[in-house]
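Here the structure is a predicted model, which means the values were calculated and not measured.
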Amino acid sequence: MPEESFKLVDEKHVSTEVDMMLWSPKLDLIALATSHGEVVLHRLSWQKVWTLPSLGEEEKIGGMAWRPDGKVLAVGYLSGKLKLCDVEKGEVLHDASVEGEITCMSWIAQYLPDGSTWTADPYKEDNSMQFLPKVQPLNKHHSEGSVSKGAVEEVVEDGKKLKDQKELNFLVLGTNRDVVHLIAYGIFRVASVTFVIQDGSQERRVCSAIITEDLCSLSFVVESTSDESDEIDYYLLTFDTKILMMRHKEIRLMALQYGQVLMLIEHLQTTVTQMSEAWEDILTEMDAKLLKFAEEKCRSAQGTVSNDFLELLLFGTPSVELQNFLLHELTEKGLKKLGFSIETSYSNIQKLVVKHLQTASQALVFHLTYLQGMARWHDHFGVLGLDADSIQESIKAAGSLVISAYDLQQVIDSSIKNFKAFFRWLYVVILRLSKEDIPSELSKMTQHDVSFVAEFLRDNFSHFIPEENSLFSDDMYGQKSASSLAGKEGRSGFKLEKVGQYLKREDLTHPSHMTNNPWVQFVNTSPALSDSPHLYPTPSTKSLLQLQDAMEQAVQSALQRPLNVITPSLRCTVIYHLFTITSSEAGAFHQHAQPRVCQFTDPGASQSITVFTANFLPNDVFYILRQTTDSHCVGAPSEIMHCLNTRQTISWCSNGYRYVILDLAAYDQKTLSLLLQENAPDGRSALVQFPILSVAPSAYCSINTAENIINMTTLQHLPIGQLLPSNALQHLQHMKAHSLAVSGSRKTATVLFQSRRRVRIFLMEAEEEDEEEEEEEREKDESWMMQPSSWQLTDMSHVSASENESDENKENTSTSGCGADV
C-alpha cells in the first residue's frame, strides 16, 4: 500500500441510529438503514440523495443489497417485504414479498473471464420496443411508494430498469423459514431452496448467503436454535446450482420477458386504479333521483316515469309530478353540475382506456405469446418449466381484457352522446318551466334530436314499466309493501350510468348487447371457430376488474412453473457444522454483538470464501474457510470443492494490550477489512486492511468431506500481525467504533461510532495529487453538482478533512511487522 494509505475524508452526524451501512459497488453512494426502518442514501460528500420512508413503526430492515451495476438498491424487511429502488429517482421499481423474515441479502453478477465478451447467441435480443405501440407514462404523483414527488417514468417499457442488463445476476435472499430464494434480476424467482438440518432445533435463521459468479454453487450459513437448550449452532451448507450455469442464457431470456409482463401488469393496475378514481359517485345521482321519483309515482299510482318523460317529449307538457321533480329535485344548477361531472369523468376514463389500457393489454398479449413460443422450444425452455398450454390460458385471459377495453370504450362513447342530448333537452325544459330566457343555440331541436332522445328513453326507461306496475306486493292490510319496493328497485334500479359497473369486482348488471356484433354472429354460426382454443372468449357479463384479476392469476400460475421445476434440481452437496456458542454468554451484549459472518468469492481463483467469528463480538479469533468452485468442468464431483480452512488469531500488542474484533467485511476479493479495538478500558479503535493472500497455503487444513463437524481444536493459531504490509493499520483517534462498511471498487471505508449517530469516512488508497490535478477534479465535481440527473459520480479522492485532523491522524498512524508494537 502507498504511504498515507488511509485518508480521513470527513466526519458526519446522522439524525437517527444506524443499523446497517452498504456502499454502492459502482457509484460514490452509501445506503444507511436506520433503527426506524428508513433507508437514507448519501453521497460521499454526505449530501442526502433521497430517503425511503419506513413502512411502519414495527417494520425493521433485515438486509440490503446493491445490484452489481449500482443502479438499483434492494431493501428487505423483517416482515418479508422486498423493495427494489431506483437509485436515480428514488422510485420503488418493484414490490414483492416472501414468507417469514428477510435476514440477509446479496446480489451477485455472472462472472466473465478476462477478455471474454458476453453474447446472447444462439438467441436474439428482444426488439419488440421497435414495433409495438409505445406505452405512455402515467402520472404517478398520487401513488404510494414513490420517494420523489411527481415522478414520471420516461420509458414505461423499461420500468424495471432491465434494458441494459446483459449478464445474468441473482438477488439471494435468506429467511428464517429454512428457505433461500434466488431471484434473477431481483424480479424473477428462479429457485426457493429449502434446507433441512436434523439437530432438533425449532428455529433456523440464514445469517449469510451467496452464489458464486460462475453460478455453480450456492453457499449459506445458518444459525440454529432450540427452545430446550441455550446452545446456538452454526452450519455452512452448499448446494449444487450448475443448472443455472448451464441454462443461464435461457433463464436470462425468461427473466427479461417476465420483467416486461410484470411491468405491463403493474401499468394496467395503475391505469384501472386511476380510472376508478376518475369515476365519481356523483354520476349515480341521476339514477338515485329517478328511483326516488319512481317510488313516489308507484305509491300514488299515477302512471310511470317512462310515460311522463315520453309525454313531455312528444307534447311538451309535463305532468305535475314530473314538473316538481325537474324544478325542485333535479334543478337547473344540479343538471349543469351533473352534466359537467359526467362529461369530465367519462372523458378522463376514455383517455385512460385508449392511451393506456388498450396499448398495455395488447403489448401484454404480445409478450405472453413470445413466452409461449419459447415454451414450445422444449429442449431449451420447456425443460425449465415453461408450459405452452398454461401460457395459452393466460393469453386468452389477456385477450378477454383487450375485448373488454374496447367494449368499455364504446359504452363511454355512446353514454357521452346520450347524456349530452338528454341533458340538453331537460335543460331547455327546466328553463321554459322556470320562465327564463332560452339561449338561441339551445332553442332549436331537430327531428333527429327528438328521435335520439326518444331512443334514449326507450332503452333506459321502458324496461321499468312492468316492474313499476308490479312493484309492490300486498301486505296483510292490502297495501303495497315498501320493503318490496326497496328490494326490487335495489336490484334493478335505474342504470343510466353504465360505466361504473366495469370498475367493480362483480358481474355487470347491464352488459352490452353483443348479439348484433358481426364477429360474434360469425363465430356462433361456425362450430369450428366457437370451439377454437385460440380465440379470445367474449366477456359478456364480467367486469373489467374481474377480467383483470383472472388474467393476473393465469399469468402467475403459468410463470410459477419454472420455479417449481428448477428448485428440485438444486441438491445439497455438503453440510458443515461450524461451531456452537451458548446464548447465556451473550449477557449484556447488544444484538450487534452476534458472531459475524462474511461471504465473498474470488472468481479469478475459483474460490468461495467464508469468514466468521466463532463467538460473540468482540473476540480475538476469526476463521477463514475456502471452498474451491468449478466453473469450467461441469461434471466434476462436488466433493473436491470443499478442502481448506484456517484459524487466525490476532495477537498484536500495543502498550501491552491485545486487540479484539468489532467488525469485519470484505473490502475486495483479495482483502479483508477489520475493525479492531484495544482490549482495555478506553482502548483505541483501529482500522486494518488484511491481505488474505498473505496466508500461505500450508496454513490451511483440509476438511474431510465425509465428516459433518469441523474440529476447531486441530486448527493452528496464526498471528496475522506478521502478515500485514506496512501502513495496513490506522488508529481511530477520539472515537469508540461500532461497525464499518467498505468498498474496494470505490476505495472507501465508513466507520460508525458506538452511538450509531456519527460516522467517519476514509479513502483507503488515497494518493497525493499535484495542484493541477486537484483543481481539475474540483471543476469536475462542481460541474457534476450542477447536473443532479447525472449519476456517474466523480472520483472523490480530492475531498479531505481539515488540515488539523489530517495531521493528527498521520501522527497516530503506525504499523509494524511481526513482534513489533502496533
Side-chain angles (χ1 to χ4, degrees), residues 8-24 29-66 73-83 85 90 101-105 147 176 205 207-208 223 586-598 613 616-618 660-665 673-677 682-687 732-743 748-762:
L8 179 62
V9 176
D10 213 340
E11 181 175 315
K12 296 293 183 179
H13 290 266
V14 290
S15 59
T16 309
E17 291 183 354
V18 175
D19 287 342
M20 198 179 308
M21 304 182 297
L22 190 64
W23 278 101
S24 168
L29 297 171
I30 185 172
L32 306 179
T34 71
S35 58
H36 292 170
E38 295 178 332
V39 176
V40 186
L41 197 67
H42 285 274
R43 297 190 178 101
L44 180 62
S45 61
W46 215 247
Q47 180 181 358
K48 184 184 295 186
V49 180
W50 49 255
T51 299
L52 180 66
S54 173
L55 301 182
E57 293 183 1
E58 302 300 326
E59 288 281 2
K60 300 295 181 182
I61 296 174
M64 297 189 299
W66 289 92
L73 175 66
V75 182
Y77 296 84
L78 295 182
S79 61
K81 296 178 182 178
L82 172 67
K83 291 185 177 293
C85 302
E101 301 177 356
I102 296 178
T103 57
C104 65
M105 301 172 66
V147 175
N176 67 338
R205 184 178 69 92
C207 303
S208 175
E223 176 190 272
F589 284 114
H590 188 268
Q591 183 181 1
H592 172 78
Q594 296 293 323
R596 183 70 66 248
V597 179
C598 171
T613 61
F616 292 100
L617 295 179
V660 292
I661 304 170
L662 297 178
D663 199 7
L664 54 83
S673 295
L674 302 171
L675 182 62
L676 311 177
Q677 184 175 331
D682 299 326
R684 294 177 298 174
S685 300
L687 189 59
L732 309 178
Q733 300 296 329
H734 309 300
M735 77 172 295
K736 292 289 186 180
H738 178 272
S739 57
L740 82 163
V742 295
S743 171
T748 306
T750 302
V751 181
L752 182 66
F753 279 69
Q754 202 170 64
S755 65
R756 296 193 293 154
R757 288 179 176 269
R758 193 162 43 148
V759 298
R760 279 185 183 174
I761 306 171
F762 295 88

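- The structure places OG of S45 at 8.5 Å from CD1 of I761, a figure rounded to the nearest 0.5 Å.
- Applying the side-chain hydrogen bond (donor to acceptor under 3.5 Å, both in side chains) test to S208 and every residue at least two apart in sequence or in another chain returns Q599.
- Every residue meeting the side-chain contact (heavy atoms from CB on, under 4.5 Å) condition with E101, not counting sequence neighbours, appears here in chain and number order: L78, T103, N176.
- Checked against side-chain hydrogen bond (donor to acceptor under 3.5 Å, both in side chains), W23 has the following partners two or more places apart in sequence or in another chain: T750.
- No donor-acceptor distance shorter than 3.5 angstrom exists from the side chain of D663 to the backbone of L675, with no hydrogens or angles considered.
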* Could you give me the CA-CA distance, side-chain angles and deciding distance for Q594 and E223, then say whether side chain to side chain contact (heavy atoms under 4.5 Å, CB included) is met? => CA-CA 11 Å; Q594 296 293 323; E223 176 190 272; 4.1 Å; yes

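- Shortest non-hydrogen contact noted between L22 and A741 is N-CB, 4.3 Å.
- Atoms CD and OG, on E17 and S755 in that order, are 8.0 Å from each other to the nearest 0.5 Å.
- The shortest non-hydrogen separation linking G80 to I102 is O-CD1, 3.8 Å.
- Rounding to the nearest 0.5 angstrom, the gap separating the CE atom in M20 from the OG atom in S739 is 10.0 Å.
- Checked against side-chain hydrogen bond (donor to acceptor under 3.5 Å, both in side chains), Q754 has no partners two or more places apart in sequence or in another chain.
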* Kindly determine whether V14 and W46 satisfy side chain to side chain contact (heavy atoms under 4.5 Å, CB included), including the steps that lead there. => CA-CA 10 Å; V14 290; W46 215 247; 3.7 Å; yes

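- The two residues C598 and L664 have their closest heavy-atom pair at CB-CD1, 3.6 Å.
- Taking NZ of K83 as the start and CE of M64 as the end, the distance is 15.5 Å to the nearest 0.5 Å.
- With sequence neighbours excluded, the residues that form a side-chain contact (heavy atoms from CB on, under 4.5 Å) with S79 are E59, Y77, K81.
- The structure places CG of L52 at 7.0 Å from CD1 of I61, a figure rounded to the nearest 0.5 Å.
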* Begin with the C-alpha distance, continue with both residues' side-chain angles, and end with the deciding distance and a verdict on side chain to side chain contact (heavy atoms under 4.5 Å, CB included) for M21 and V759. => CA-CA 10 Å; M21 304 182 297; V759 298; 4.2 Å; yes

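- Of all non-hydrogen atoms in A65 and M105, the two that sit nearest each other are CB-CB, 4.0 Å.
- For the atom pair OG (S685) and CZ (R760), the distance works out to 9.0 Å, reported to the nearest 0.5 Å.
- In this structure, T613 contributes its side chain and R596 its backbone to a donor-acceptor pair below 3.5 Å.
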* Apply side chain to side chain contact (heavy atoms under 4.5 Å, CB included) to H13 and R757, showing your working. => CA-CA 6 Å; H13 290 266; R757 288 179 176 269; 5.8 Å; no

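- In this structure, the side chains of V39 and C85 stay at 4.5 Å or more apart for every pair of heavy atoms.
- Heavy atoms only, all atoms of each residue included: V660 and P618 are closest at CG2-CB, 3.7 Å.
- Contact between L662 and A737 at its shortest, heavy atoms only, is CD1-O, 3.6 Å.
- Counting only residues at least two apart or in different chains, side chain to side chain donor-acceptor pair (under 3.5 Å) contacts with residues 31-40 are absent.
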